[in-house]
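Here the structure comes first, spelled out in structure tokens, and everything after it is commentary.
Computed from a prediction, not measured in an experiment: that's the story for all the values here.
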Amino acid sequence: MDMKLFAAAILAVAAAGAANAKVATGTPFADNMVLQRGRAVPVWGTADAGEKVTVSFAGQTKTATADAKGAWKVLLDPMPASKENRTLTISSQPSQPSQPPQPAESFKNVLVGEVWFASGQSNMECPIWGNSPRYRDGKGGIMTAMTRRPYIRYAKNARVWSATPKYDWKATWRDFSPESFKETHNGNLSAVAFYYALELYGALEIPVGIVDSSWGGTNIDAWTPRSGYANHPELKDVADYPVTDKWDKSMRRGPIGGQQQQPTALWNGMVAAWAPYAIKGFIWYQGCHNNGEAFRYCDKMHALYDGWAKEFANPDLKLYFVMLAPYKANWFNLQAAQSKFVAEEKNAALAVTCDVGNFDDIHPNDKEIVAKRLALHALKRDYGYDNIVDNSPTLKSWKAAEGGKMILTFNDAKGWYVYNANRSGVQGFEIAGSDGKFVPAKVLNKNVNGGTLEGNDLVVAADGVTQPKRLRYLASSPWVGALYAFNSGLPIGPFEIDTRKPGENRRGEAVKLGAALAIPELAGYRKVLSIDLPVSGRVSETGYSFDETAKAGTFSRVAYALELENRDGSVDWVVASMDAFTAEAAKLGVPAMSGAHFQQKVGKLTVRSNQIPVKEVTDHDGGSIEFFNYNYGSQTKLPGIGGSNEVYDFNDVESGSKDGKPGYGAMQVHDWKNAATVFAYNNFNGGTGDIGIGNCPGKNPDWTFEGNAAFYRTRRLTILVK
């Protein structure tokens, strides 16, 4: 915490003309608060420069002298837990002997116990009870009516964003009681925070303080203090973002779509004033808003943790957080980033929730199980419950066996059971061979349909795949897990095994972004459009990063270069060039922006790709395009080129829209003579994008309904003319 900034903020609101500023304390200090046991407890505030301040509590007396800016701070010695409601008193002696002593400020009903911070976006903010039946805990009405725990105290922060740290406000602490929850009904405490505090109190029987500072629809960047970026040069663009109180839509960038989503904006408005309050740690539930940049999320989690640990002056600060629960969006890469972070940060732990989501509601209303799994981490790691298994199983090793079987060994799993409605075995495993096509896989352990599996290892195989290259779990819809470790009752979360070599299925060496534009076939072409395609949402809101269609002039050839950057940084690419099918350069782009509609054959198709499965052709007469801004069906339309009426492929029919509104959308180039998709980009008007090079190994060759855009770090489309 910058005590000088704090002092300036507080003194700015002091009564004008006062002979001397009244001694003031920081945001956390108020009646009914809980102080952290077992740690030195900072107490801070402002006074006149040179004024001597005395803090008294629980038999301790500490003094400090306000510095030139008026800031002061004392450290109370570590204290044991206490349910005794005591008074913390602050008094002062002015620097000038002629001035009278300042009257004491006192805070009543102060307890000593365990203090935790709860933060994140809507699934953390989702209240224990409130007016919306779609946005509250399912049992919240019962719980808030029957819960009376005077030794649990909570503080709920108002939604406030700020371009600079905001210190001039006071917390309000309340106890867990029907009266308190009734009073705060329309801004109630987070349900996850409520249950977490209740679990800790039930296990420890000492006072618990919980601070709820959360805001729905916010990104991780807004909660990260500037100091968190110090050791993360890979996030320089975020750290250097010019946060302003005059934000407008032109400043949108990635997950920053509003003023409260600017980097540091919520740290400044809702957390900074709490630091360096003594706390044990914080619980965190966030990630949906950053799903479009899943490959940066691990780095951003490190920055968040580093910043909070520094600002709260606690290098051992604990961070227990929640894996995103199943929903109709694909979180697989974001979940992988969460798993990567927890493997790298010793003070963090992850609660897996792959079994408790709601496909139709991004806010599942059973928050109790989420909090219980978070509490397991605290009880095991902080409070001496050594016999608890708090981690969900994680992959330890694997080996190949005869017949394409994969034998998987896990940490924290002794035996397995399946819990689903129809005892239909384990769903969610997929295996791919050298062709890259994922097919459903089965767990072959004995008694898999009986509920309790035999053995500690899992034996997994897929029909027809004799040489597995990849295995993944919960990477495809509906993403719901029902496989649990027998010894803990905790579910196994999403994971992936990829044994492919870097150059497998590629022509030549693995390349970086931009290499596709250097191929000889593009000599003489000039770039007119470029865009990094978003994972989800409306592509029209992303906009082009390069647009010189107004300067395109006349042209007779058009080329599309699609580059997909993989997790390992390698790039898959395809370039398709063809005779111009329009004289207007602005109509060459994504249909959502151009408003154009094309479904036709194209002349002299030339295809080059570093992907071996993609057939390369030169001046080929079998090319076609489908550029739709609406929905489309699988029935064939163009005569004489073939296609299937059963699946989405190279010859589909646009279904239009009665009200003229955009629909699913498709931008596809095909080699119909070879029954092949060259590349496709679909679902760009609001959903999770489908994107791919060559024929999709799934059901639909043109990638329709694949929802796989998040599997790539970058999805760059460049359009050129000649």
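- Residues S213 and N157 bring a donor and an acceptor atom of their side chains to less than 3.5 Å of each other.
- Atom NZ of K83 sits in a crowded spot, with more than 12 heavy atoms from other residues, nucleotides or ligands closer than 6.0 Å.
- The pair K139-D366 counts as a salt bridge, with a side-chain nitrogen and a carboxylate oxygen less than 4.0 angstrom apart.
- Looking at residues two or more places apart in sequence or on another chain, you find a ring-ring contact (aromatic ring centres under 6.0 Å, His included) between F176 and Y154, F181, F194.
- More than 12 heavy-atom neighbours from other residues, nucleotides or ligands sit within 6.0 angstrom of NZ on K380.
- Proximity of a side-chain donor or acceptor of Q260 to a complementary backbone N or O of W161 within less than 3.5 Å is not detected.
- Between F495 and F410, the distance separating the two ring centers is shorter than 6.0 angstrom.
- Listed by chain and residue number, R37, A81, E114, L204 satisfy the side-chain contact (heavy atoms from CB on, under 4.5 Å) test with I206 (two or more places apart in sequence, or in another chain).
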Check: residues 450-459 side-chain donor-acceptor pairs under 3.5 Å, at least two apart:
from	atom 1	to	atom 2	distance (Å)
N456	OD1	G415	N	2.8
D457	OD1	T409	OG1	3.0

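- Judged as a ring-ring contact (aromatic ring centres under 6.0 Å, His included), and not counting sequence neighbours, the contacts of Y135 are H363.
- Checked against side chain to side chain donor-acceptor pair (under 3.5 Å), N123 has the following partners two or more places apart in sequence or in another chain: K367.
- Counting only residues at least two apart or in different chains, salt bridge (charged side-chain N to carboxylate O under 4.0 Å, His left out) contacts with residues 479-499 comprise R470-E496, R470-D498, E496-R567, D498-R500.
- Between R373 and D355 there is a salt bridge, since a side-chain N of the basic residue sits under 4.0 Å from a carboxylate O of the acidic one.
- Annotation for E234: atom CD counts as buried by contact number, over 12 foreign heavy atoms lying within 6.0 Å.
- With a 6.0 Å radius and a threshold of 12 heavy atoms from other residues, nucleotides or ligands, K170 has its NZ atom above the threshold.
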Which is it for Y195 and V370 under the side-chain contact (heavy atoms from CB on, under 4.5 Å) test, yes or no, and what are the steps along the way? CA-CA 9 Å; Y195 285 117; V370 176; over 6 Å; no
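- The ring-ring contact (aromatic ring centres under 6.0 Å, His included) test applied to Y277 returns F29, W274, not counting sequence neighbours.
- Side-chain atoms of E311 and S227 include a donor-acceptor pair closer than 3.5 Å.
- Counting only distance, with no hydrogens or angles, the side chain of D690 and the backbone of G707 share a donor-acceptor pair below 3.5 Å.
- Contacts of Q338 classified as side chain to side chain donor-acceptor pair (under 3.5 Å), with partners at least two apart in sequence or in another chain: none.
- If you check the side chains of D382 and Y320, you find a donor sitting under 3.5 Å from an acceptor.
- Taking a 6.0 Å sphere around CZ of R381, one finds it holds more than 12 heavy atoms contributed by other residues, nucleotides or ligands.
- For the ring pair (Phe, Tyr, Trp, His ring centres under 6.0 Å) condition, the pairs that include at least one residue of residues 328-354, sequence neighbours left out, are H302-F341, F321-F341, F332-F711.
- With sequence neighbours excluded, the residues satisfying ring-ring contact (aromatic ring centres under 6.0 Å, His included) with Y417 are Y484.
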Run the numbers on D31 and N109 for side-chain hydrogen bond (donor to acceptor under 3.5 Å, both in side chains), then give the verdict. CA-CA 6 Å; D31 292 346; N109 301 327; over 6 Å; no
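- Under the rule for a side chain to side chain donor-acceptor pair (under 3.5 Å), Y229 has no partner lying at least two apart in sequence or in another chain.
- Panel note: side chain R148, backbone A145; no donor-acceptor pair is recorded below 3.5 Å.
- Donor-acceptor pairing under 3.5 Å is lacking for the side chains of Q335 and Y297.
- Note: D306 CG to L319 CG = 10.5 Å, rounded to the nearest 0.5 Å.
- Evaluated for a ring pair (Phe, Tyr, Trp, His ring centres under 6.0 Å) with F117, the options W223, F282, W308 yield exactly one hit, W308.
- Remark: D412 pairs with no residue by the side chain to side chain donor-acceptor pair (under 3.5 Å) rule, at least two apart or across chains.
- Not a single donor-acceptor pair under 3.5 Å links the side chain of N188 to the backbone N or O of I128.
- For the residue pair N290 / N219, no side-chain donor-acceptor distance below 3.5 Å is found, with atom types taken as modelled.
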